[in-house]
Amino acid sequence: MVYDWPMSRRRYQRYGRIAAWCLGALVLWGLAGCKPFWIAPEGRAQDFIETLVTQPVDTQKLRDLAHVAPDRNPEDLLDDLSARIAVDFLRAKQAQGLVLDFARSDARQINTTRRMVTVRVSYRQPGAPANGEVRFQVQVEKDNQGQWHIARVTGDN
């Protein structure tokens, strides 16, 4: 068998097209099996807490994330004093220039239409040996149309 080295231009282009098709099919196949992050209730809970702390004046975005009525204040979803104090505390830390890191750590399915998501917010003060952390419990519920909405937020500190 004789190999024509270097590869001819026509063969190179052919293998390039085959590789592009295979890569495209692989990406589409991977996306078909994934649930988009903006639909998942865990991502919605984390985005809601992050927006509530960092952009409290953007009430339309908060309403969209929580799927609440236009006349309802999204901060009314803070169900207990611990959650309200934690939000005010984190807003003050952000105003002082600390970087806040938002992450979801636990999602517990209560039943088919309700989940409890734990959202952790960590921060590091200059000169402190360890990170500080504030936790929220976000209850997410599915409505009759199949959309997830934020039902309530409690503090977990």
Side-chain angles (χ1 to χ4, degrees), residues 17 19-157:
R17 284 192 301 269
W21 274 99
C22 290
L23 181 63
L26 184 64
V27 167
L28 288 176
W29 180 66
L31 287 176
C34 294
K35 189 173 191 177
F37 65 90
W38 59 87
I39 295 175
E42 295 85 5
R44 181 174 299 279
Q46 179 180 340
D47 291 344
F48 179 76
I49 295 296
E50 185 170 354
T51 305
L52 186 66
V53 171
T54 61
Q55 303 169 9
V57 295
D58 195 356
T59 55
Q60 186 57 45
K61 182 176 180 181
L62 288 167
R63 284 188 190 112
D64 291 344
L65 285 169
H67 281 286
V68 296
D71 59 337
R72 188 167 178 203
N73 185 2
E75 290 203 23
D76 291 343
L77 297 172
L78 296 173
D79 197 38
D80 63 353
L81 185 60
S82 175
R84 292 180 192 281
I85 290 172
V87 167
D88 289 340
F89 174 78
L90 291 171
R91 286 176 183 165
K93 290 294 183 190
Q94 183 184 16
Q96 293 172 358
L98 293 177
V99 177
L100 304 176
D101 182 32
F102 295 84
R104 55 187 179 264
S105 63
D106 184 27
R108 187 170 33 100
Q109 186 168 349
I110 298 169
N111 58 29
T112 58
T113 60
R114 289 178 32 202
R115 293 186 185 169
M116 187 65 74
V117 180
T118 302
V119 178
R120 294 181 302 109
V121 185
S122 58
Y123 59 92
R124 183 175 180 110
Q125 293 181 335
N131 289 346
E133 181 177 274
V134 176
R135 292 181 309 276
F136 296 94
Q137 292 289 328
V138 183
Q139 185 174 336
V140 187
E141 296 179 351
K142 190 183 279 189
D143 61 11
N144 295 338
Q145 290 82 25
Q147 292 186 345
W148 292 96
H149 68 276
I150 308 294
R152 64 184 221 156
V153 177
T154 58
D156 184 26
N157 300 311

Colleague: Work out which heavy atom in L77 is nearest to a heavy atom in A151; give both atom names and the distance.
Modeller: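 Looks like CD2-O, 3.5 Å.
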Colleague: Going by the rule salt bridge (Lys or Arg N to Asp or Glu O under 4.0 Å), which residues pair with R120 if we only count those two or more places apart in sequence or in a different chain?
Modeller: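 With neighbours one apart ignored, the set is E133.
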Colleague: Ignoring hydrogens and angles, tell me if any N or O in the side chain of R44 forms a donor-acceptor pair with the backbone of L65 under 3.5 Å.
Modeller: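 Answer holds: yes.
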Colleague: How many angstroms lie between atom CG of N144 and atom OG1 of T113, to the nearest 0.5 angstrom?
Modeller: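 Answer for the CG-OG1 pair, N144 versus T113, is 9.5 Å.
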Colleague: Taking all heavy atoms of A45 and all of I150, pick out the closest pair and write down the distance.
Modeller: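 Reported closest heavy-atom pair: CA-CD1, 4.0 Å.
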Colleague: Among all residues two or more places apart in sequence or in another chain, which pass the side-chain hydrogen bond (donor to acceptor under 3.5 Å, both in side chains) test with D71?
Modeller: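 With neighbours one apart ignored, the set is empty.
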Colleague: Sub-3.5 Å donor-acceptor pair from the side chain of H149 to the main-chain atoms of A66, do we have one?
Modeller: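 No, the answer is negative, given that no donor and acceptor are paired below the 3.5 Å cut-off.
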Colleague: Once you round to the nearest 0.5 Å, how far does CD of E42 lie from OG of S105?
Modeller: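 These two atoms lie 11.5 Å from each other.
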Colleague: Can you list the residues that meet the side-chain hydrogen bond (donor to acceptor under 3.5 Å, both in side chains) rule with E50, with sequence neighbours excluded?
Modeller: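 E50: no side-chain hydrogen bond (donor to acceptor under 3.5 Å, both in side chains) contacts found.
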Colleague: For S122, what residues pass the side-chain hydrogen bond (donor to acceptor under 3.5 Å, both in side chains) criterion, not counting sequence neighbours?
Modeller: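 S122 satisfies side-chain hydrogen bond (donor to acceptor under 3.5 Å, both in side chains) with no other residue.
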Colleague: Distance-only, no hydrogens or angles: does the Q109 side chain make a donor-acceptor pair with backbone N or O of N111 under 3.5 Å?
Modeller: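 Pair found, side chain donor or acceptor close to backbone of N111.
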Colleague: Of the non-hydrogen atoms in V140 and W148, which two are nearest, and what is the gap between them?
Modeller: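 Shortest heavy-atom separation between V140 and W148 comes out as CG1-CE3, 3.5 Å.
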Colleague: I need the D156 CG to Q137 CD distance, nearest 0.5 Å.
Modeller: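 Result: 4.5 Å between the selected atoms.
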Colleague: Using modelled atom types only, decide if a donor and an acceptor are shared between the side chain of R63 and the backbone of R72 within a distance under 3.5 Å.
Modeller: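 A pair under 3.5 Å: yes.
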Colleague: Classify the side-chain pair Q94/Q96 by whether it contains a donor and acceptor separated by less than 3.5 Å.
Modeller: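 On atom types as modelled, these side chains do not qualify, holding no pair under 3.5 Å.
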Colleague: Which residue pairs pass the ring pair (Phe, Tyr, Trp, His ring centres under 6.0 Å) test when at least one of the two sits in residues 44-85, sequence neighbours left out?
Modeller: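 Every candidate ring pair (Phe, Tyr, Trp, His ring centres under 6.0 Å) pair involving residues 44-85 fails, so no pair, neighbours aside, qualifies.
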Colleague: What's the spacing between L100 CG and T54 OG1 if we round to 0.5 Å?
Modeller: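 OG1 of T54 is found 8.0 Å from CG of L100.
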Colleague: Is any side-chain heavy atom of V53 closer than 4.5 Å to one of V121?
Modeller: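 No; the side chains remain at least 4.5 Å from each other.
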Colleague: Nearest 0.5 Å please: distance from the CG atom of L78 over to the CG atom of L52.
Modeller: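 If I round to the nearest 0.5 Å, the distance is 5.5 Å.
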Colleague: Quick check for you: to the nearest 0.5 Å, what is the distance between E141 atom CD and R114 atom CZ?
Modeller: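 Atom-to-atom, E141:CD and R114:CZ are 5.5 Å apart.
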Colleague: Tell me every residue that passes side-chain contact (heavy atoms from CB on, under 4.5 Å) with D58, counting only those two or more places apart in sequence or in another chain.
Modeller: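 By the side-chain contact (heavy atoms from CB on, under 4.5 Å) rule, D58 matches Q55, Q60, K61.
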Colleague: Can you find a heavy atom in the side chain of F136 that is under 4.5 Å from one in the side chain of V117?
Modeller: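 Result no, sub-4.5 Å side-chain heavy-atom pair not found.
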Colleague: Would you list the pairs meeting ring pair (Phe, Tyr, Trp, His ring centres under 6.0 Å) in which at least one residue belongs to residues 83-106, sequence neighbours left out?
Modeller: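 Pairs touching residues 83-106 that pass the test: F89-Y123.
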Colleague: Tell me, which pairs form a side chain to side chain donor-acceptor pair (under 3.5 Å) where one or both residues lie in residues 75-92, sequence neighbours left out?
Modeller: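 Non-adjacent pairs meeting side chain to side chain donor-acceptor pair (under 3.5 Å): E75-R91, D79-R152.
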